[in-house]
Amino acid sequence: MNYWLMKSEPDEFSIDDLVAAPKQSTPWFGVRNYMARNYMRDSMTVGDGVLFYHSSCEVPGIYGLAEVASTSYPDDTQFQKKSPYYDPKAKKEEPRWMLVDVKLARKTRPMPLEEMRGYPQLAEMVTLRKGNRLSITPVTAAEWKFITAKLK
DNA sequence: GCCAACGTTGGC
DNA sequence: GCCAACGTTGGC
């Protein structure tokens with residue numbers, strides 16, 4: 001059992017989109033960074049906890065809890081010529097970009113980035129480290145416990 | 001395989 | 001819109 005923080009731009013896909021999605025589940029499409037891909041492909045297991053994070057928006061922060069709902073499989077948008085995520089170098093026989101399904105656990109109150117930065121317990125969080133831009137980062141069990149308790 | 005140039009992320 | 005940080009690309 002692992003824990004993750006996954007960023008999404010709410011203009012693209014928000015917590016409310018997840019609430020409204022069929023089965024409250026979505027393929028986590030569009031990741032085009034190898035480290036983030038590798039986390040999904042190699043390290044995630046069904047049932048892992050996910051902090052759903054809104055980035056590049058008015059109040060960046062955690063907006064809900066989710067969980068990994070599938071093993072990894074190819075991100076179909078890499079093959080779609082009209083998609084912004086199209087990758088001309090990706091081949092069906094040899095997909096580059098893999099994803100997992102993520103399903104809602106529950107929408108929570110927002111925990112803004114500013115609030116997160118105020119907790120010494122979260123000082124070491126990967127996503128809060130200077131210069132970190134990764135859209136998927138690991139979360140420790142202690143960080144998960146702390147955050148979910150605050151979001152009760 | 002180095003590394004400069006370029007592109008992207010994401011908070012502010 | 002700015003810009004720091006960092007990943008990727010491509011010439012050599």
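Values reported hereafter were calculated over all heavy atoms of this structure, with side chains retained and with hydrogens, waters and symmetry mates removed. To find a chain, count down the sequence lines: A is the first, B the second, and so on, and within it residues start at 1.
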Item to complete: Mind telling me whether A:W144 and A:Y3 have parallel, tilted or perpendicular rings, with 30° and 60° as the class edges?
Response: parallel
Item to complete: Just say parallel, tilted or perpendicular for the rings of A:F13 and A:F29, cut-offs at 30° and 60°.
Response: perpendicular
Within this structure, what is the [atom1]-to-[atom2] distance between [X] and [N], rounded to whole angstrom?
| X | N | atom1 | atom2 | value |
| --- | --- | --- | --- | --- |
| A:E114 | B:dG10 | CD | C1' | 16 Å |
| A:R37 | C:dG7 | CZ | P | 15 Å |
| A:Y85 | B:dT9 | OH | P | 8 Å |
| A:Y53 | B:dT9 | OH | C1' | 11 Å |
| A:M35 | C:dG7 | CE | P | 6 Å |
| A:M116 | B:dG11 | CE | P | 10 Å |
| A:R96 | C:dT8 | CZ | P | 10 Å |
| A:E9 | B:dT9 | CD | C1' | 8 Å |

Item to complete: Would you indicate, yes or no, if B:dT9 has its OP1 or OP2 atom less than 4.0 angstrom from a side-chain nitrogen or oxygen of A:K7?
Response: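 No.
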Worksheet item: Think A:Y34 has a side-chain N or O under 4.0 angstrom from the OP1 or OP2 of C:dC6?
Response: no
Side chain of [X] only, heavy atoms from C-beta on: which candidate in [options] is closest?
| X | options | answer |
| --- | --- | --- |
| A:R117 | B:dC12, B:dT8, C:dG10 | B:dC12 |
| A:K130 | B:dG11, B:dT9, C:dA4 | C:dA4 |
| A:S55 | B:dG11, C:dG7, C:dG10 | B:dG11 |
| A:L113 | B:dC12, C:dG10, C:dT8 | B:dC12 |
| A:R133 | B:dG11, B:dT8, C:dG10 | B:dT8 |

Worksheet item: How many angstroms lie between atom CZ of A:R109 and atom CD of A:E115, to the nearest 0.5 angstrom?
Response: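 That separation rounds to 4.5 Å.
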Discussion item. Between the side chains of A:R32 and A:D75, is the shortest nitrogen-to-carboxylate-oxygen separation below 4.0 Å, so that they form an ion pair?
Written reply: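 Answer for the salt bridge query: yes.
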Discussion item. Return whichever of A:K89 or A:N33 has its heavy-atom-nearest nucleotide of DNA chain C closer to the 5' end.
Written reply: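 The residue whose closest nucleotide sits nearer the 5' end is A:N33.
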Fill in: Distance-only donor-acceptor check, side chains A:Y73 and A:D101, under 3.5 Å
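The answer is yes; a qualifying pair exists.
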